[in-house]
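Written out below as structure tokens is the structure these notes cover.
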Amino acid sequence: MKTPEHLATVDGLVIPGGESTTVMKLLDRFGLIKPIRARVAAGMPLWGTCMGMIVAAHDVAEMPDQPTLDLIDISVRRNAFGRQNDSAEVSLPISVLGDVPFPAIFIRAPWIERVGPGVALLAEREGHGVMVREGNVLGTSFHPELTDDDRVHAFFLEMVRTAGKNVGKASSAA
């Protein structure tokens with residue numbers, strides 16, 4: 001998706017891992033910041049995973065001037081679980097996914113330092129939030145796409161299904 005016109009054709013949006021300052025610059029360059037905010041405000045589900053959660057967050061703890069989409073009322077800390085060498089797969093209890101722990105893969109992952117009053121904390125690791133939801137916005141510190149376990153994806157797809165196929169499309173040009 002590179003244009004607001006492309007954005008208007010989707011029912012949900014996933015912002016994956018990467019480098020948050022670069023992604024925000026690209027979203028700005030392609031004129032996508034306001035349309036994404038408008039679509040999410042109108043009800044389109046958005047899932048930010050790892051860097052995507054940073055981009056979706058209200059703010060970045062160690063970098064208060066870093067631009068974000070400000071879509072979920074959380075403060076995050078980049079690379080909080082350590083450097084590349086500290087990457088790990090952790091058996092993570094996530095009650096909304098059932099009784100079986102999720103094989104969460106953390107790669108230079110952020111953690112959540114502050115959760116706003118309307119945000120549901122869905123999972124923690126070492127006392128820090130790693131999965132949250134506020135309305136139609138989901139955030140994960142880990143990379144579910146790197147496992148064979150599709151429960152987080154199914155959780156997000158249910159958010160999209162529940163939101164309805166045409167939610168927010170009329171306001172996508174805002």
Connected via hydrophobic side-chain network under 4.5 Å: Val40 and Leu157: no
Using a 3.5 Å distance criterion without hydrogens, assess whether the side chain of Glu19 forms a donor-acceptor pair with backbone atoms of Thr22. yes
Side-chain touch Ser95/Leu122, heavy atoms, less than 4.5 angstrom: no
Under 3.5 Å, is there a donor-acceptor pair between the side chain of Thr49 and the main chain of Gly52? no
Side-chain heavy atoms nearer than 4.5 Å, only ILVMFWY residues, links allowed to pass through others: does that put Ile54 and Leu26 together? yes
Can you give me the closest heavy-atom contact between Gly12 and Val160, atom names plus distance? CA-CG2, 4.2 Å
Working note: Phe142 + Arg125, criterion side-chain contact (heavy atoms from CB on, under 4.5 Å); need CA distance, chi angles, decisive distance, verdict. CA-CA 10 Å; Phe142 50 92; Arg125 175 183 171 200; over 6 Å; no
Shortest non-hydrogen contact between Arg77 and Ala61, atoms and distance: NH2-CB, 3.7 Å
Does the distance from a Lys or Arg side-chain N to an Asp or Glu carboxylate O, for Asp73 and Arg114, drop under 4.0 Å? yes
Minimum heavy-atom separation for Gly118 to Glu134, with atom names? O-CG, 3.6 Å
Any sub-3.5 Å donor-acceptor pair from Thr147's side-chain atoms to Pro144's backbone N or O? yes
Can Gln66 and Thr21 be counted as having a side-chain donor-acceptor contact under 3.5 angstrom? no
Quick one: pull up NE2 in His6 and CZ in Phe30 and give me the separation to the nearest 0.5 Å. 11.0 Å
Is a side-chain donor or acceptor of Arg78 paired with a backbone partner of Val60 at a separation under 3.5 angstrom? no
For the residue pair Arg39 and Asp11, what are the closest heavy atoms and their distance? NH2-CA, 4.5 Å
Looking only at side chains, do Thr9 and Glu5 share a donor and an acceptor under 3.5 Å apart? no
Looking at side-chain heavy atoms only, is the closest gap between Leu121 and Glu124 below 4.5 Å? yes
Under 4.5 Å between side-chain heavy atoms, hopping through other hydrophobics if needed: is there a path connecting Val55 to Val10? yes
Under 4.5 Å between any side-chain heavy atoms of Leu97 and Asp149, yes or no? no
Over all heavy atoms of both residues, which pair between Pro4 and Gly31 is shortest? Give the atoms and the distance, please. CG-O, 3.3 Å
Quick one: does any side-chain atom of Asn79 pair with a main-chain N or O of Pro110 as donor and acceptor, under 3.5 Å? no
Just one of Val96, Ile72, Leu138 clears the side chain to side chain contact (heavy atoms under 4.5 Å, CB included) bar with Arg133, so which one? Leu138
Do the side chains of Met44 and Leu13 get nearer than 4.5 Å, heavy atoms only? yes
Would you say Glu145 and His143 are linked by a side-chain donor-acceptor pair, where the criterion is simply a distance under 3.5 Å? yes
Contact check, side chains of Leu27 and Leu69, non-hydrogen atoms, under 4.5 Å: yes
Mind checking whether Met159 and Trp47 have side chains closer than 4.5 Å, heavy atoms only? no
Report yes or no: do Ile33 and Leu7 belong to one cluster of Ile/Leu/Val/Met/Phe/Trp/Tyr joined by side chain heavy-atom distances under 4.5 Å? yes
Please round to the nearest 0.5 Å and tell me the distance separating atom CZ of Phe156 and atom CG of Asn136. 9.0 Å
Could you pull out the closest heavy-atom pair between Gly17 and Cys50, with the gap in Å? CA-CB, 4.4 Å
Under a 4.5 Å cut-off applied to non-hydrogen side-chain atoms, are Met51 and Ile15 in contact? yes
Whether the side chain of Thr68 engages the backbone of His58 through a donor-acceptor N/O pair (distance < 3.5 Å, no angle test) should be reported. yes
Are any non-hydrogen side-chain atoms of Ser141 and Phe106 less than 4.5 angstrom apart? yes
Do Ile112 and Val132 pass the side-chain contact (heavy atoms from CB on, under 4.5 Å) test, and can you show the C-alpha distance, the side-chain angles, and the key distance before you say yes or no? CA-CA 9 Å; Ile112 300 161; Val132 288; 3.4 Å; yes
Taking the six-membered ring of Phe102, is the NZ or CZ of Arg151 close enough (under 6.0 Å from the centre) and on axis enough (within 45°)? no
